[in-house]
There are 2 protein chains.
Amino acid sequence: MKRNVTVKTLAEQLNISIATVSKALSDSHEISAETKQRVLDLARTLNYERNPAASNLRSHRTSTIAVIIPDVANNFFSLAIKGIEEIARTHNHHVLIYQTHEDSAAEIAFTNSLISGRVDGILISVTRSAGNLAHFQSLIRQIPVVFFDRSIEIPDAFSITTDDYESAYQATRHLAEKGCRKIIFLQGLDRLATGQRRLRGYLDALNDSGLEQLQPVALAANTDPQLIRDGIRQAIIGEKPDGVLSSIEEFVVPCYYVCRELGIDMPGALKLVSFSNLPTAPLLHPALSTITQPAFEMGRVAASCLFQILHKREVDLLSLPGLHSQLIERESSALV
Amino acid sequence: MKRNVTVKTLAEQLNISIATVSKALSDSHEISAETKQRVLDLARTLNYERNPAASNLRSHRTSTIAVIIPDVANNFFSLAIKGIEEIARTHNHHVLIYQTHEDSAAEIAFTNSLISGRVDGILISVTRSAGNLAHFQSLIRQIPVVFFDRSIEIPDAFSITTDDYESAYQATRHLAEKGCRKIIFLQGLDRLATGQRRLRGYLDALNDSGLEQLQPVALAANTDPQLIRDGIRQAIIGEKPDGVLSSIEEFVVPCYYVCRELGIDMPGALKLVSFSNLPTAPLLHPALSTITQPAFEMGRVAASCLFQILHKREVDLLSLPGLHSQLIERESSALV
DNA sequence: GTTTTTTACTTAAACGTTTTCGTAAATAAA
DNA sequence: TTTATTTACGAAAACGTTTAAGTAAAAAAC
């Protein structure tokens, strides 16, 4: 077995101390340009790779950040990850991804396993079952955390969100303008600030349109597709709405199926708008009207925010770009 | 700042040596049941978490595996990740995810950064631009690697794939049976064994159906959506096919757009089948006929295989379940 | 009753970095 | 010239764990 090349190897071959090598490799000002070059050159030819464990153990820096999300099989999150990765790369950081699958016990287990110094910081979009306020309050005191999209209301917590209120408002008004008189709201995030903002946007829009205020249809607790579908079916049968605003992408496919099952003509008898980043939205039958979030940008902004914290720079939250979602009107909410 | 609790803390409080604590925590047979219990109890009450860096440095075990894939925003891969995670969890391992975005330079950079002991093993689905045989040959000698789905032909390499040949064959026969006389193959993986198997299945099926053999349409080199779309448009205008077999999911959306642009009636004038795990396939207009791979199962099997290697158990490749894709016929390839 | 084995621990040396502190030489300031 | 400062490096101590080797006492084997 070939001996691994370490700082010691380099030091011996160059006849300098390992301290000098280490400092040269991290471009310390204590080392002369000439020595640095010699070290770098040898490191390259010997294919030296710094041992991350040793480095982390000594320096308490891991060059790794964690991303905790409900599910990568969701276009919003996969795009956000793309943005996060891009920023992480520029900071030479690795990205650990954890999926909670909406299980807050898993979420707690993940975060607990992370505070022992496995990562430098955490980007998280919390589970909808969560609401575990105390846990997160304790977490953010132990490690830098940035919430994105699905946030929890904690003072002093960093969170990157979009204009949830405005976009929900706008989408609801849009449905009303297209003639909907009874619009229901499929609530997927009732325990989260994000969900509450979307709900308020919806309710205010109903009010401003002179429409009946309705209780949101809470579909939060489960992640089982069958249960979600049943919940939606019941809501549609029970309420007989002519408009639906869905607060998360996961409800889109079940909505279409339920309409087909019940023989409801979309958009004739029922119009649908959903928060969604589905790339196939324009190709659905009927094409889905969406509130499309700037997922990629959000990932970038959230990650940038985290790195600002890690670099001990003051985070000027006001300087963060305002992120706006976009209502894209398609057939599913068109006038027939 | 609160002092972190380490094995030393536990040892002092229990009046035993740190070695005993360490062994108790890893459930060593050298330690009495009673002592183990005392250690475990105290560890729990003090909220002890093992320092992964120190552990890794000393033991050369990381409790982490890496997954390298082209893109998480692809339903096949996100499902595979789900399967991988599930298995990793049962082995108490963390999962690092790297996206290459089809850039083989990134792929090489990732793997190089991983061999310095950041992870115990690698699961990889290679880029289509790859074909970097020498690099992978060197890699698999340095760290356990399991290829899944997109594999490279290397002797002694572990790779988990599905019945690519058979499913491509079957899909092509299906198109022929539905009346297609000129079926083109959109090749996305021409440099990879996976793509070659799909191509051979297609060609053999053409032959067995008595149809004209055509050059595959190679769309491999780029990942730019516009270029992909242009390539597909050119192929359809140039070849005037009445059937299309798409070897990867990424071509589905552009195919639909091109057909709309060119005013081609699907499935009337052109029928389409694609390898795909799109959850919205049944809701597209027209509903997409797919070859659906057992993505979740593949993730599980690939991860299980990796853990078998890590545990130094002989990997009985024959005992691995044969994974079969499923042809799901829908409107896009229906007889009109 | 003596020897061997087993049990349940302890000691101490790693693992490969980073970082504090020290220092000699070179340079600048007085 | 003397003193102060800067520059460029080295010695050595961490970081928190695992593990090889050692050991006393208890149990088993003879």
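Every chain is numbered from 1 and lettered A, B, ... according to where its sequence line falls, protein lines coming before strand lines.
Across all strands shown, A:Ser55 has heavy atoms under 4.0 Å from sugar-phosphate atoms exclusively, and none from any base. A:Ser32 comes within 4.0 angstrom of the backbone, heavy atoms only, and of no base. Looking at heavy-atom distances under 4.0 Å, B:Ser26 makes no contact with the nucleic acid at all. As judged by a 4.0 angstrom heavy-atom cut-off over every strand, A:Ser59 is placed among residues touching the sugar-phosphate backbone only.
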Report all side-chain donor-acceptor pairs from residues 112-123 of chain A shorter than 3.5 Å, counting only partners two or more places apart or in another chain.
{"from": "A:Asn112", "atom 1": "ND2", "to": "A:Ile108", "atom 2": "O", "distance (Å)": "3.3"}
{"from": "A:Ser113", "atom 1": "OG", "to": "A:Phe110", "atom 2": "O", "distance (Å)": "2.9"}
{"from": "A:Ser116", "atom 1": "OG", "to": "A:Ser113", "atom 2": "O", "distance (Å)": "3.4"}
{"from": "A:Arg118", "atom 1": "NE", "to": "B:His94", "atom 2": "NE2", "distance (Å)": "3.4"}
{"from": "A:Arg118", "atom 1": "NH1", "to": "B:Thr64", "atom 2": "OG1", "distance (Å)": "3.3"}
{"from": "A:Asp120", "atom 1": "OD1", "to": "A:Thr62", "atom 2": "N", "distance (Å)": "2.8"}
{"from": "A:Asp120", "atom 1": "OD1", "to": "A:Thr62", "atom 2": "OG1", "distance (Å)": "2.7"}
{"from": "A:Asp120", "atom 1": "OD2", "to": "A:Thr62", "atom 2": "N", "distance (Å)": "3.4"}
{"from": "A:Asp120", "atom 1": "OD2", "to": "A:Ser63", "atom 2": "N", "distance (Å)": "3.2"}

Under 3.5 Å, side-chain donor or acceptor atoms of residues 148-157 of chain B against the rest of the protein: list the pairs with distances, not counting sequence neighbours.
{"from": "B:Asp149", "atom 1": "OD1", "to": "B:Arg198", "atom 2": "NH2", "distance (Å)": "3.4"}
{"from": "B:Asp149", "atom 1": "OD1", "to": "B:Gln293", "atom 2": "NE2", "distance (Å)": "3.0"}
{"from": "B:Arg150", "atom 1": "NH1", "to": "B:Glu102", "atom 2": "OE1", "distance (Å)": "3.1"}
{"from": "B:Arg150", "atom 1": "NH1", "to": "B:Glu102", "atom 2": "OE2", "distance (Å)": "3.1"}
{"from": "B:Arg150", "atom 1": "NH1", "to": "B:Val126", "atom 2": "O", "distance (Å)": "3.1"}
{"from": "B:Arg150", "atom 1": "NH2", "to": "B:Glu102", "atom 2": "OE2", "distance (Å)": "3.0"}

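Where B:Ser17 and B:Ala54 meet DNA chain C, the nucleotide closest to each residue was compared, and B:Ser17 sits on the side nearer the 5' end. Mapping A:Ile18 and A:Thr35 onto DNA chain D by nearest heavy atom places A:Thr35 closer to the 5' end of the strand. Of the two residues contacting DNA chain C, namely A:Ala53 and B:Ala33, the nearest-nucleotide position lying further toward the 5' end is that of B:Ala33.
Between A:Asp27 atom CG and C:dT19 atom P there is a gap of 14 Å when expressed in whole angstrom units. Atoms CG (A:Leu57) and P (D:dA14) sit 13 Å apart, rounded to a whole Å. Across the protein-nucleic acid pair, A:Ile31 atom CD1 and D:dG10 atom C1' stand 10 Å apart, rounded to whole Å. To the nearest angstrom, C1' of D:dT17 lies 13 Å from NE2 of A:His60. Following rounding to the nearest Å, A:Asn51 (CG) and D:dC15 (P) show an atom-to-atom distance of 18 Å. At whole-Å resolution of the value, NZ in A:Lys8 and P in D:dG10 are 15 Å apart. Protein atom CD of A:Glu30 is 11 Å distant from nucleotide atom C1' of D:dG10, rounded to whole Å. Across the protein-nucleic acid pair, A:Glu49 atom CD and C:dT17 atom P stand 11 Å apart, rounded to whole Å.
Residues A:Arg300 and A:Glu297 are paired through a salt bridge, judged by an N-O separation under 4.0 Å between the basic side chain and the carboxylate.
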What do the steps show when you test A:Phe77 against A:Ser125 for side-chain contact (heavy atoms from CB on, under 4.5 Å), and what is the final call? CA-CA 9 Å; A:Phe77 291 118; A:Ser125 210; 3.3 Å; yes
Starting from the C-alpha separation in whole Å, work towards a yes-or-no answer on side-chain contact (heavy atoms from CB on, under 4.5 Å) for B:Val7 and B:Leu25. CA-CA 9 Å; B:Val7 278; B:Leu25 288 173; 4.1 Å; yes
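In the set D:dA11, C:dT10, C:dT19, C:dT10 carries the atom at the smallest distance from any side-chain atom of B:Thr20. Distance from the side chain of B:Ser22 is smallest for D:dT19 among the nucleotides D:dC9, D:dT19, C:dT17.
Applying the 3.5 Å distance criterion, the base of D:dT17 shares no donor-acceptor pair with the side chain of B:Arg58.
A close approach under 4.0 Å does occur between a side-chain nitrogen or oxygen of B:Arg61 and OP1 or OP2 of D:dT19. Between B:Tyr48 and D:dT17, a side-chain N or O to OP1/OP2 separation shorter than 4.0 Å is present.
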